[in-house]
2 protein chains.
Amino acid sequence: MGQSRTLHSIGSVERDTGIGRDTLRVWERRYGFPVPKRNDKGERLYSDEQLRHLQRIRRLMDFGLRPGRLLKLDAVGLDALEAEILSARPAIGEENIRHVLEVVRAHDSVGLEQLLDESYRSQGMEDFILKTVAPLLHAVGEAWAAGEIAVYEEHYLSQQLIHFLHTRLNRQPRPTGSPRILLATLPGELHTLGLLMTLTVLRARGVHAINLGGEVPMDQVKEAARRFQVEAVGLTFSSAYPHHSIRGDIEELRARLPAETQIWVGGEGVWRLRKLPEGVFKFQSLEKLPI
Amino acid sequence: MGQSRTLHSIGSVERDTGIGRDTLRVWERRYGFPVPKRNDKGERLYSDEQLRHLQRIRRLMDFGLRPGRLLKLDAVGLDALEAEILSARPAIGEENIRHVLEVVRAHDSVGLEQLLDESYRSQGMEDFILKTVAPLLHAVGEAWAAGEIAVYEEHYLSQQLIHFLHTRLNRQPRPTGSPRILLATLPGELHTLGLLMTLTVLRARGVHAINLGGEVPMDQVKEAARRFQVEAVGLTFSSAYPHHSIRGDIEELRARLPAETQIWVGGEGVWRLRKLPEGVFKFQSLEKLPI
DNA sequence: TAGCACATTTTGTCCTAGACAAAACAAATT
DNA sequence: AATTTGTTTTGTCTAGGACAAAATGTGCTA
């Protein structure tokens, strides 16, 4: 029963958790977890349970918790910690958002689209993004931590939102003038929904934004900024983006772009960033876009 | 002049080329390339030129060329090889597609949308995808190899296409019945445009398809297939997906899904795959979707 | 109480050189 | 032309150590 069906190589675990190979090995050395089985070649084979445990740890790290503490805990300990975090955060609340979550759990595409559309119509584009979509995404994260929603359901919702935003985006007039903003994420960051939300808010405010989507190499961001003659480059970092690299990456881009080009950074990943290089601005929530 | 501005750690090179750390080190040992500088800590520092060279090699590998051959070549050698490949492949041709490329190079969003819309109206959804979008993406790859188009321009086009498809998708009736198809890509594969194209073709044929988007862990694909009660799971693999893992990944998924659930695989990555496990079907081009 | 400078701990990434199996290729056979 | 066999190529994984950047803790001052 407790026996696992499939075993995972260190490479698959890296992919499925976002935790680097080297990190996994050094954790094993330092904290004594996870200690996987080995095949006859001596290679690590992680069980389903270990994979799941690592995914939970990863998720908790996104809340600012550090490995040294988390890796001491067993499954029960993680349960407790998750419960604690949930109680510390504002409850899901918002009748509206609870409804959406229920519809997602019911896998009802049509109902979902209707619900979104209602909110959109009553709130208008900008408030819809700020007061419905953004809190919804938070709520989904919490629901996952509470075991109420599956990862694939998050993907499902995400796709539905992407589709919804694209279609409504088209109904807004396309701004043509200045200022121009370039939106992208760096390689390693694949969460592009944030970009789309930003694009939508900007367009609702009549700002001309160009979205390059995810995983754009730095030199290409620079080149695009030059050729599109933008005044600012907007990057988003999800909580999944490796904490360590964020500041360095931003500084590197800052060094490459001309000083008159501003850099805006947003997303959950930059939440806890303190000091930023000159000419870099942070927007914690979309409301505070520096425009 | 020839001096490089910025130096790249092995980690950044991995991210920007998709070539693994270990692979980079083993290439250096075996083929004597690339040999980066070192910092005082002894860590590798790759130059811009080396990075660019590796990106070109990576791209050529997508055409089926192997490292042993490619790593002997200098920049001039790569030039020759790229030229050879271009001449071997059908020329870009198609007045239509040349036009689109020009508009992309001019960064003209409005013109691009108009062009796409013209094709879409005259060809209908399915032919638009098969005879315009698919060849266009091929042509872009070639134009990149010929140095005629920048990577960021590919991203730009990609985003425009995604936006276009989402908006037109909405004009089609949403099929509700059977058969149901689940679409996704596995972790490591972020090229989701193929999924969207597949979704669009399927919907044009009245098939009910559910798109989970990119980077869905295998167990979640399985879970979603069960809960959505789909008859088939469709995966796409771009040429950027590590060749080595494709067969293994497909087999692993095959082993996890119940036998009555079919698996369809598509995309450039599966082009050269010969034998497939029982119950796995390949669609080389979208025209041959097994439905 | 808040801000700042400094010391300590934690943490992720990178190093070397060797090993091995799976995939790709080439050659020979049915 | 398709299948079997042998050979070469190739990517991924191993170990234990090292180091700097980030995060945290402590003491001092305004």
Side-chain angles (χ1 to χ4, degrees), chain A residues 7-15 17-31 33 35-46 57-58 61 64-72 188 241-252 269-276, chain B residues 7-15 17-31 33 36-46 57-58 61 63-72 188 241-252 269-276:
Chain A
L7 296 169
H8 312 268
S9 74
I10 197 169
S12 350
V13 175
E14 176 182 39
R15 279 215 318 248
T17 63
I19 303 166
R21 264 170 277 242
D22 290 308
T23 306
L24 287 167
R25 284 194 275 255
V26 93
W27 281 3
E28 187 179 336
R29 242 191 288 159
R30 285 188 190 145
Y31 311 112
F33 183 89
V35 182
K37 297 177 189 170
R38 303 287 183 134
N39 63 10
D40 26 341
K41 223 166 104 183
E43 298 174 346
R44 280 164 246 261
L45 292 178
Y46 295 85
I57 285 177
R58 177 58 213 265
M61 284 174 62
L65 295 166
R66 303 179 67 183
R69 183 175 171 197
L70 292 169
L71 286 163
K72 287 180 206 150
Y241 197 83
H243 311 77
H244 276 85
S245 355
I246 294 188
R247 173 172 287 122
D249 288 345
I250 295 175
E251 282 170 359
E252 194 177 333
V270 296
W271 237 83
R272 293 182 305 128
L273 269 189
R274 301 280 165 191
K275 291 180 185 174
L276 291 169
Chain B
L7 296 170
H8 313 269
S9 73
I10 197 169
S12 348
V13 174
E14 176 182 40
R15 279 216 318 251
T17 63
I19 302 165
R21 265 172 277 241
D22 291 309
T23 305
L24 287 167
R25 284 195 273 255
V26 92
W27 280 2
E28 187 179 336
R29 243 190 288 163
R30 284 189 189 141
Y31 312 112
F33 183 88
K37 296 177 190 169
R38 303 286 183 131
N39 64 11
D40 26 339
K41 222 166 105 183
E43 297 175 347
R44 290 170 176 77
L45 293 177
Y46 296 84
I57 285 177
R58 178 58 215 266
M61 284 174 63
F63 289 101
L65 295 165
R66 302 178 68 182
R69 182 175 172 198
L70 292 169
L71 286 163
K72 287 181 205 150
Y241 197 82
H243 311 78
H244 276 85
S245 358
I246 294 188
R247 171 171 289 121
D249 288 345
I250 295 176
E251 281 169 0
E252 195 178 332
V270 295
W271 238 83
R272 293 183 304 128
L273 269 190
R274 300 281 166 192
K275 289 182 186 174
L276 291 169

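Just so it is clear: chains get the letters A, B, ... in the order the sequence lines come, proteins before strands, and each one is counted from 1.
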Going by side chain to side chain contact (heavy atoms under 4.5 Å, CB included), name the residues that satisfy it together with [X], two or more places apart in sequence or in a different chain.
X	result
B:Arg25	B:Ile10, B:Arg21, B:Asp22, B:Arg44
A:Val35	A:Glu28
A:Thr17	A:Val13, A:Ile19, A:Leu51, A:Leu54, A:Gln55
A:Ser12	A:His8, A:Ser9

* Asked: Taking atom CG of A:Leu45 and atom CG of A:Asn39, what is their separation to the nearest 0.5 Å?
  ->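 Taking CG in A:Leu45 and CG in A:Asn39, the distance rounds to 5.0 Å.
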* Between atom CG of B:Leu70 and atom CZ of B:Phe63, what is the distance when rounded to the nearest 0.5 Å? ->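 These two atoms lie 11.5 Å from each other.
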What is the separation between atom [atom1] on [X] and atom [atom2] on [N], rounded to the nearest whole Å?
X	N	atom1	atom2	result
B:Glu251	C:dA23	CD	C1'	12 Å
A:Leu24	C:dC14	CG	C1'	16 Å
A:Glu28	C:dG12	CD	C1'	16 Å
A:Asn39	C:dA21	CG	P	9 Å

* Asked: Bend angle of the helix from C:dT1-D:dA30 to C:dT30-D:dA1 from five-pair axes at both ends, rounded to 10°?
  ->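 Inter-axis angle at the ends, rounded: 50°.
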Under 3.5 Å, N/O pairs linking protein and nucleotides 10-13 of chain D:
unit_1, atom_1, unit_2, atom_2, d
D:dT10, OP1, B:Pro67, N, 3.3
D:dT10, OP1, B:Gly68, N, 2.8
D:dT10, OP2, B:Tyr31, OH, 2.7
D:dT10, OP2, B:Gly68, N, 3.1
D:dG11, OP2, B:Trp27, NE1, 2.6
D:dG11, N7, B:Arg30, NH1, 3.2
D:dG11, O6, B:Arg30, NH2, 2.7
D:dT12, OP2, B:Thr23, OG1, 3.1
D:dC13, OP1, A:Ser9, OG, 3.3
D:dC13, OP2, A:Arg21, NH1, 2.9

* Taking all heavy atoms of A:Asp249 and all of B:Arg15, pick out the closest pair and write down the distance. =>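 Minimum heavy-atom contact is OD2-NH2, 3.8 Å.
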* **Least distance between heavy atoms, B:Arg58 atom then B:Gly18 atom** =>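 B:Arg58 and B:Gly18 have their closest heavy atoms at NH1-O, 3.4 Å.
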